Amino acid sequence: KMENKISELNQRLLKDIMNIMIPKNDEIPAAGDMGLYKQIEKHFLSSNNHKKSIISILESINLHPNVRISGSFFSIDLTEKIEIIRWHEENMIDDFNKFKESIFAVYYSDERVVRKINWDQEKVKKIEPKWDPSILEKVKKIEPFWKKF
């Protein structure tokens, strides 16, 4: 069985990046503060494919010149952190997509988030036979995650 843990520094880095990519909203804390790391470990760090990409992104961020000059990712300001994340999104496309996929997958499958958007599989099944127009109004209010980043 493959070891599905990453270093404590990389765990902290991952949580920080998750907080930036999915910030807190009214009732729900930022993604990194939700304790979702265990889900990432279970579902994505146990897969060679995703683990390689997640580690590649985290290691590359640690090696980024601005991060090295500052001593760590944690000691630079938010604007610069976002620029570094965007650089990785534009330059390490495949790895970044798997990295992002793992973060959004655990976030959007968390029951607090499902409850907040009030959109689960049972409701989808129930609306098939008898259409409820109010569902559309709820969906329209859901901010697409890709517009936030």
Side-chain angles (χ1 to χ4, degrees), residues 1-125 127 135-136 138-149:
K1 187 179 181 279
M2 187 182 146
E3 181 59 44
N4 56 350
K5 293 211 181 287
I6 55 176
S7 74
E8 280 187 34
L9 174 70
N10 279 343
Q11 283 181 38
R12 218 179 124 209
L13 179 58
L14 179 59
K15 287 175 192 169
D16 203 32
I17 294 166
M18 288 170 73
N19 282 341
I20 294 166
M21 289 176 68
I22 310 174
K24 68 185 173 86
N25 64 39
D26 322 326
E27 301 97 44
I28 303 173
D33 294 334
M34 290 177 68
L36 299 174
Y37 174 74
K38 286 283 178 210
Q39 269 60 41
I40 287 179
E41 197 176 77
K42 180 180 172 186
H43 300 291
F44 295 99
L45 293 175
S46 60
S47 139
N48 268 330
N49 193 7
H50 277 82
K51 182 176 183 172
K52 191 181 138 311
S53 294
I54 292 168
I55 290 173
S56 293
I57 294 293
L58 295 173
E59 292 303 330
S60 179
I61 288 172
N62 284 324
L63 294 171
H64 190 278
N66 298 4
V67 171
R68 293 178 70 178
I69 289 166
S70 305
S72 84
F73 187 77
F74 313 108
S75 56
I76 55 182
D77 69 29
L78 183 60
T79 310
E80 201 169 350
K81 287 178 180 181
I82 291 169
E83 282 173 27
I84 291 168
I85 294 169
R86 282 219 171 101
W87 184 93
H88 285 82
E89 184 175 33
E90 291 163 13
N91 294 283
M92 294 178 71
I93 298 163
D94 293 341
D95 283 332
F96 194 86
N97 282 338
K98 288 177 193 163
F99 179 79
K100 189 167 67 175
E101 181 182 270
S102 60
I103 292 170
F104 284 117
V106 297
Y107 179 79
Y108 282 100
S109 59
D110 185 85
E111 63 184 47
R112 293 164 286 186
V113 177
V114 171
R115 248 198 325 268
K116 166 85 168 100
I117 21 188
N118 204 359
W119 193 255
D120 59 80
Q121 291 310 310
E122 287 309 304
K123 285 208 171 92
V124 174
K125 286 176 199 154
I127 62 171
I135 299 279
L136 268 184
K138 288 178 184 168
V139 173
K140 285 178 191 166
K141 291 175 189 162
I142 297 170
E143 176 76 12
F145 64 79
W146 58 87
K147 288 186 179 174
K148 288 183 179 171
F149 187 61

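Predicted model, so just to flag it, every value in this text is computed and none were measured.
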- Item | Tyr107/Phe104 aromatic ring centres below 6.0 Å | no
- Message: Once rounded to the nearest 0.5 Å, what's the spacing between atom NZ of Lys52 and atom OG of Ser47?
- Response: 11.0 Å
- Query: Passes side-chain contact (heavy atoms from CB on, under 4.5 Å), Leu9 versus Phe74? Steps please.
  - Reply: CA-CA 10 Å; Leu9 174 70; Phe74 313 108; 3.7 Å; yes
- Check the pair Asp110, Ile28 against side-chain contact (heavy atoms from CB on, under 4.5 Å), reporting the backbone distance first and the verdict last. CA-CA 11 Å; Asp110 185 85; Ile28 303 173; over 6 Å; no
- Message: Return the CD1 to CZ distance between Ile6 and Arg12, rounded to the nearest 0.5 Å.
- Response: 13.0 Å
- Gap between atom CG of Asn10 and atom CD1 of Ile55 - 0.5 Å precision: 7.0 Å
- Query: Any side-chain heavy-atom pair from Ile93 and Asn97 closer than 4.5 angstrom?
  - Reply: yes
- Check against side-chain contact (heavy atoms from CB on, under 4.5 Å), Leu14 and Ile103: CA-CA 9 Å; Leu14 179 59; Ile103 292 170; 4.2 Å; yes
- Task: Please state whether the rings of His64 and His88 are parallel, tilted or perpendicular, taking 30° and 60° as the class boundaries.
- Result: tilted
- Query: Any side-chain hydrogen bond (donor to acceptor under 3.5 Å, both in side chains) pairs touching residues 30-41, not counting sequence neighbours?
  - Reply: Lys5-Glu41, Asn19-Asp33, Tyr37-Glu41
- Task: Decide side-chain contact (heavy atoms from CB on, under 4.5 Å) for His50 and Glu101; before the verdict, give the C-alpha distance in whole Å, the side-chain angles of both, and the deciding distance to 0.1 Å.
- Result: CA-CA 9 Å; His50 277 82; Glu101 181 182 270; 2.5 Å; yes
- Which residue pairs pass the side-chain hydrogen bond (donor to acceptor under 3.5 Å, both in side chains) test with at least one member in residues 65-78, sequence neighbours excluded? Asn66-Glu80
- Task: Please report the closest heavy-atom contact between Ala31 and Leu36, naming both atoms and the distance.
- Result: O-CD1, 3.7 Å
- Side chains of Ile22 and Met34: does their closest heavy-atom pair fall under 4.5 Å? no
- Query: Any idea which heavy atoms bring Ser102 and Ile54 closest together, and the distance?
  - Reply: OG-CD1, 3.6 Å
- Message: For the CZ atom of Phe96 and the OG atom of Ser60, what is their distance to the nearest 0.5 Å?
- Response: 11.0 Å
- Closest heavy-atom pair, Ile17 versus Phe73, reported as atoms and distance to 0.1 Å, is CG1-CE2, 4.1 Å
- Item | Rounded distance [0.5 Å steps], CZ in Phe44 versus NZ in Lys98 | 12.0 Å
- Query: Can Glu27 and Arg112 be counted as an ion pair, charged N to O under 4.0 angstrom?
  - Reply: no
- Rounded to the nearest 0.5 Å, the CZ atom of Arg86 sits from the CG atom of Asn91 at a distance of 13.5 Å
